[in-house]
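Working notes for the structure below.
All values below come from the heavy atoms of this structure, side chains included, with hydrogens, waters and symmetry mates left out.
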Amino acid sequence: MGSTKHLSLLYPKPREGEEIPVQLIDMEKKIAAWSPEIRKTLYFEAFEQAEGLKRIREVFVLRVYNWYRDGQSIIELTNDERMQFEDIFNKFLLYRGEIRYRRKKEGRRYKNYFVLVDDSYSKKNVNEWLLAERL
C-alpha cells in the first residue's frame with residue numbers, strides 16, 4: 001500500500017484517491033503570503049502586513065483534528081472550498097457521520113474537497129474520549 005507519512009503532517013496533502021478523517025477545531029479568515037527567504041507561507045490579519053512578499057491572497061485557515069496525525073493539522077481553503085466545507089459541516093451537524101478530507105486534480109491544480117460518510121462501522125470499534133483530552 002505504501003507510506004501514509006504525508007497524511008500525518010501539519011499541512012497534509014492527500015494524493016488522489018486518499019482520504020483523511022478530520023474533525024473541525026476552528027476556521028479563520030487570513031491573508032496568506034509566500035516568503036521566499038524562509039520558504040514558507042505566512043499568515044496575517046491585514047494586506048498591509050504582507051508587503052514585499054509574494055502570492056498575497058485571502059484564504060480561510062481551517063484547523064482540524066487529523067486522525068492520522070493524532071493531533072492538529074492546517075488546511076488552507078479558497079472561498080469556494082470554504083463554502084463546500086460549510087455545506088458538508090452543516091450536513092454533519094444534522095446527520096452525524098465522519099468528515100473526510102481529500103484532494104482532486106482539476107487542470108494543473110489540486111482542489112480541496114470534503115465528504116461526509118456514514119460512520120456506523122467506526123462506532124463499533126472506537127473507544128470514547130473527549131477531543132479536549134487529545135489537544
Any chain of hydrophobic side-chain contacts (each under 4.5 Å) joining [X] to [Y]?
| X | Y | answer |
| --- | --- | --- |
| Leu7 | Leu77 | yes |
| Tyr95 | Ile99 | no |
| Val61 | Tyr110 | no |
| Leu93 | Phe85 | yes |

Test your reading of the model: is there a side-chain donor-acceptor pair from [X] to the backbone of [Y], 3.5 Å cut-off?
| X | Y | value |
| --- | --- | --- |
| Asn112 | Tyr101 | no |
| Ser73 | Leu9 | yes |
| Gln49 | Phe44 | no |

Find the distance between [atom1] ([X]) and [atom2] ([Y]) and round it off to the nearest 0.5 Å.
| X | Y | atom1 | atom2 | value |
| --- | --- | --- | --- | --- |
| Phe47 | Leu53 | CZ | CG | 12.5 Å |
| Glu58 | Lys29 | CD | NZ | 4.0 Å |
| Ile75 | Arg82 | CD1 | CZ | 15.0 Å |
| Arg100 | Ile88 | CZ | CD1 | 12.5 Å |
| Leu116 | Asp87 | CG | CG | 11.5 Å |
| Asp118 | Arg96 | CG | CZ | 13.0 Å |

Minimum heavy-atom separation for [X] to [Y], with atom names?
| X | Y | answer |
| --- | --- | --- |
| Arg103 | Glu16 | O-CG, 3.8 Å |
| Arg102 | Glu18 | CB-O, 3.4 Å |
| Leu42 | Ser35 | CD1-CB, 3.9 Å |
| His6 | Arg15 | CE1-NH1, 3.0 Å |
| Ala32 | Val59 | CB-CG2, 3.7 Å |
| Pro12 | Ile74 | CD-O, 3.7 Å |

Side-chain touch [X]/[Y], heavy atoms, less than 4.5 angstrom:
| X | Y | result |
| --- | --- | --- |
| Tyr65 | Asp70 | yes |
| Tyr11 | Thr41 | no |
| Ile20 | Trp67 | no |
| Val64 | Phe114 | no |
| Leu24 | Phe89 | yes |
| Arg69 | Leu10 | yes |

message: If you count every heavy atom of other residues, nucleotides or ligands that lies below 6.0 Å from Glu51 atom CD, does the total exceed 12?
response: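 12 or below, so no.
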Test: Glu45 and Lys30 ion pair at under 4.0 Å: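 Answer for the salt bridge query: yes.
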- prompt: When you measure from the centre of the six-membered ring of Tyr113, is the NZ or CZ of Lys104 under 6.0 Å away and within 45° of the axis?
  reply: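 Cation-pi check for Lys104 and Tyr113: passes.
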query: Side chains of Tyr43 and Glu76: is there a donor and an acceptor less than 3.5 Å apart?
result: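 Side-chain D/A pair, Tyr43 to Glu76: present.
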